[in-house]
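For reference, the structure is listed below as C-alpha cells.
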Amino acid sequence: MTKDTLFLISIFTLSCLSAQADQIVLTNGDRLTGTIIRVTEGGIEFESNLIGVVHAPLEAIETIVSDAGVTGASTTDAGAIRPGMPYVTMLATSQTETSPGVGGLWTATVDAALSLTDGNADTRSVNVGTQAARTTGRDRTSLYFTSLFANNSTSGESVTTANAIRGGGRYEIDLKSRLFTFGFSDLEFDRFQDLDLRFVLGGGFGLNLVNSPRSEFQVFAGGSSNQEYFGSGLRRKSGESVAGEEWTYRITDDTSFTERLTFYSNLSNLGEYRMTFDSTATTRLNDWLSWQATLSDRYLSNPRVGKRPNDLLFTTGIRITFGDGNTGNAGPSTIARR
C-alpha cells in the first residue's frame, strides 16, 4: 500500500469522524474551511464555506486539520495530518482516545507593562491583561481580563490617577457556513466613573463576511441585560439592543491588528446608549514573545452627575503567548481563529 493510498484512507476516515469543521491549508498559504465531501486518487473534493465546492490536488495540500483530533507519528500538532510523510494513517486510534477534550486546544496571552519614576516626579503605573481562547472548527470560547492602576506622589500626597478592571467571556458556535450565534458576559469596575460594577449578559447572531488567511471580518446583533451599581448607592437596570463588528488583519507575518466596536442602545430608557471599542496591534519578536499596543474606549451617554461620559485607556508592553495553538502574535480576537 503506497503512502498516497494511506493518506487517502486516513482522510476518508477523518471525514467520517467529523462531518463538519474540516480545514485545508494549501502550499501557497491559502486556507479553506468547510467539509470534506469525498477523496479520490486525484485529490480531495471539498465544500468551502466561502467559495463552494472545490477540488484540491494532493500535491497542493500542505495540512489538513479536523475536530476529529487524529494524531500519530506523522503529525506535529493534534488534529493535523501532513501529506507526503510516512505513517500518515492512524486507523487504529479512536476519536475518544485522541480527542483533546475541554482542556485542550487553548491558547492564552499575558500582557504586562510597568512604568516607574522617582525623584522630582514619583509615579507608578501597572497594567496587566490576559486573554484565552479555545477554537475548534465549529465553535470558539474566549475569555479576557485587563486592569490598570496608576498612582502619582509628586506633590507629596499619594493620588490614584487610574483604577479600572474589565473582564468577561464570549462563546460562538457556527450554525451554517457563515452564520453563527453567540452569548457573552462582561464585568467592569471603574473608580473614576464611580462604578462599582457593571454586569452585562447577552447574546445574538452574527455573519462572517470575510474569512481569509490575512483578513477576517464579522458583524453581529442581538440583545443584552445591563445592571449598573454605583458607589453612591444608585442602581440602574436596563434592556439593550446590541450591534457591532469585529475585524482582524494580518499586516505582515509578524504584525497583526484587531478591533471590535459594539453599540448598546438602551431599550428601557430610549435615547440613552453606550459604546465600547477595543483595538490591539501586535508585533511578534519570537515564537512566544510579542510587543503589543492596546487602545480601549468606553462611552456612556448618561454618566453620574459630575462625571465625564468617556474613558479612554491606552497600554503598551510585552505579550507572552502559550498554549496548544501558540501563534506568537495573536490578539484578543485572533487567538487560533478559525
Task: Those residues that, when tested against Val219, pass side chain to side chain contact (heavy atoms under 4.5 Å, CB included) (two or more places apart) - done: Leu207, Leu209, Phe217, Glu245
TODO: Is it possible for you to say whether Phe230 and Val305 belong to one hydrophobic cluster, with membership spreading through side-chain heavy-atom contacts below 4.5 Å?
DONE: no
Open item on the list: Any heavy-atom pair between the side chains of Val200 and Glu188 that's under 4.5 Å?
Closed with: no
- [ ] Work out which heavy atom in Arg298 is nearest to a heavy atom in Thr276; give both atom names and the distance.
- [x] CD-CG2, 3.5 Å
Task: Minimum heavy-atom distance Asn127-Ser147, with the two atoms named - done: ND2-O, 2.8 Å
Task: Any side-chain heavy-atom pair of Val126 and Ser115 under 4.5 Å - done: no
Open item on the list: Nearest 0.5 Å, please: how far is OG1 in Thr280 from CD in Gln131?
Closed with: 7.0 Å
TODO: Give, for atom OG1 of Thr258 and atom CG of Asp278, the distance between the pair rounded to the nearest 0.5 Å.
DONE: 9.5 Å
Open item on the list: Closer than 3.5 angstrom, by distance alone: can the side chain of Ser142 be matched with the main-chain N or O of Ala133 as a donor-acceptor pair?
Closed with: no
- [ ] Measure the spacing between OG1 of Thr109 and CD1 of Ile318 and express it to the nearest 0.5 Å.
- [x] 11.5 Å
Open item on the list: When you measure from the side chain of Asn269 to the backbone of Glu272, do you find a donor-acceptor pair of N or O atoms at a distance under 3.5 Å?
Closed with: no
Open item on the list: Given 3.5 Å as the limit, does a donor-acceptor pair link the side chain of Thr252 with the main chain of Asp254, or not?
Closed with: yes
TODO: Taking only Lys NZ, Arg NE, NH1 and NH2, and the carboxylate oxygens of Asp or Glu, determine whether Arg319 and Asp111 approach each other closer than 4.0 Å.
DONE: yes
Task: Closest approach of Phe257 to Ala281 (non-hydrogen atoms, all atoms of both residues) - done: CD1-CB, 4.3 Å
Open item on the list: Let me check something: do Phe149 and Phe192 share a hydrophobic cluster, defined by ILVMFWY side-chain heavy atoms less than 4.5 Å apart, either directly or through other members?
Closed with: no
Task: Flag side-chain contact, heavy atom, 4.5 Å: Tyr171 against Phe184 - done: no
Open item on the list: Under the criterion salt bridge (charged side-chain N to carboxylate O under 4.0 Å, His left out), I'd like the reasoning laid out for Arg140 against Asp174: C-alpha separation, chi angles, the key distance, then a yes or no.
Closed with: CA-CA 9 Å; Arg140 181 174 189 266; Asp174 292 339; over 6 Å; no
- [ ] Please check if the side chain of Arg235 supplies one atom and the backbone of Gly233 the other of a donor-acceptor pair under 3.5 Å.
- [x] yes
Open item on the list: Is it the case that the side chains of Thr123 and Thr117 hold a donor-acceptor pair, with the cut-off being a distance below 3.5 Å and no angle test?
Closed with: yes
Open item on the list: For residues 301-318, which residue pairs pass the salt bridge (charged side-chain N to carboxylate O under 4.0 Å, His left out) check, not counting sequence neighbours?
Closed with: Asp194-Arg304
TODO: Could you tell me if the ring centre of Tyr299 sits under 6.0 Å from that of Tyr273?
DONE: yes
TODO: Would you mind reporting whether Leu201 and Asp186 have side-chain heavy atoms less than 4.5 Å apart?
DONE: no
- [ ] Check whether any side-chain heavy atom of Arg198 lies under 4.5 Å from a side-chain heavy atom of Asn226, and answer yes or no.
- [x] yes
Open item on the list: Hydrophobic clustering (ILVMFWY, side-chain heavy atoms < 4.5 Å, transitive) - are Leu148 and Leu195 grouped together?
Closed with: no
- [ ] Please lay out, stage by stage, how Ile320 and Leu289 fare under the test side-chain contact (heavy atoms from CB on, under 4.5 Å).
- [x] CA-CA 5 Å; Ile320 300 173; Leu289 184 64; 4.2 Å; yes
Task: Any side-chain heavy-atom pair of Glu246 and Glu216 under 4.5 Å - done: no
Open item on the list: Please report the interatomic distance CZ(Arg214) to OG1(Thr248), rounded to the nearest 0.5 Å.
Closed with: 13.0 Å
Task: Polar side chain donor-acceptor pair, Asn151 to Ser153, under 3.5 angstrom - done: yes
Open item on the list: Does this structure show an ion pair linking Asp122 with Arg124, if we count only N-O contacts that are shorter than 4.0 Å?
Closed with: yes
- [ ] Report whether Leu295 and Leu300 are members of the same hydrophobic cluster (ILVMFWY, side-chain heavy atoms less than 4.5 Å apart, transitive linking).
- [x] no
TODO: For residues Phe189 and Leu197, determine if any side-chain heavy atom of one lies less than 4.5 Å from a side-chain heavy atom of the other.
DONE: no
TODO: Would you mind checking if Arg274 and Glu240 are paired as a salt bridge, meaning a charged N to carboxylate O distance below 4.0 Å?
DONE: yes
Open item on the list: For the residue pair Arg166 / Ser296, report whether a side-chain donor-acceptor contact shorter than 3.5 Å exists.
Closed with: yes
Task: Distance-minimising heavy-atom pair for Arg284 and Asp253 - done: NH2-O, 3.4 Å
- [ ] Look at atom CZ of Phe205 and say whether more than 12 heavy atoms of other residues, nucleotides or ligands are closer to it than 6.0 Å.
- [x] no
- [ ] Decide whether Val210 and Tyr249 are clustered together by the hydrophobic rule: side chain heavy atoms of Ile, Leu, Val, Met, Phe, Trp, Tyr closer than 4.5 Å, transitively.
- [x] yes
Open item on the list: Can you tell me which residue among Lys176, Glu172, Gln218 is in a side-chain hydrogen bond (donor to acceptor under 3.5 Å, both in side chains) with Asn208?
Closed with: Gln218
Task: Nearest-0.5 Å distance that lies between atom OG in Ser238 and atom CD in Glu228 - done: 6.0 Å
TODO: Please check if any side-chain donor atom of Asp139 sits under 3.5 Å from a side-chain acceptor atom of Thr136, or the reverse.
DONE: yes
Task: Ser241 vs Leu267, side-chain contact (heavy atoms from CB on, under 4.5 Å): CA-CA, chis, key distance, verdict - done: CA-CA 7 Å; Ser241 64; Leu267 300 178; 4.3 Å; yes
Open item on the list: Closer than 3.5 angstrom, by distance alone: can the side chain of Asn286 be matched with the main-chain N or O of Trp288 as a donor-acceptor pair?
Closed with: yes
Open item on the list: Please check: side-chain N/O of Thr130 versus main-chain N/O of Val110, any donor-acceptor pairing under 3.5 Å?
Closed with: no
TODO: Please name the pair of heavy atoms, one in Tyr264 and one in Ser224, separated by the smallest distance, quoted to 0.1 Å.
DONE: CD2-OG, 3.9 Å
Open item on the list: Within the 3.5 Å criterion, strictly below it, is a donor on Thr294 or Gln292 matched to an acceptor on the partner's side chain?
Closed with: yes
Task: Distance (rounded to the nearest 0.5 Å) between Arg191 CZ and Ile165 CD1 - done: 12.0 Å
TODO: State, with a plain yes or no, whether a side-chain heavy atom of Thr282 is found less than 4.5 Å away from one of Thr255.
DONE: no
TODO: Indicate the atoms forming the closest heavy-atom contact of Ser301 with Gly271, along with that distance.
DONE: OG-O, 4.5 Å
Task: Pair Trp247, Ser215: side-chain N/O donor-acceptor within cut-off below 3.5 Å - done: yes
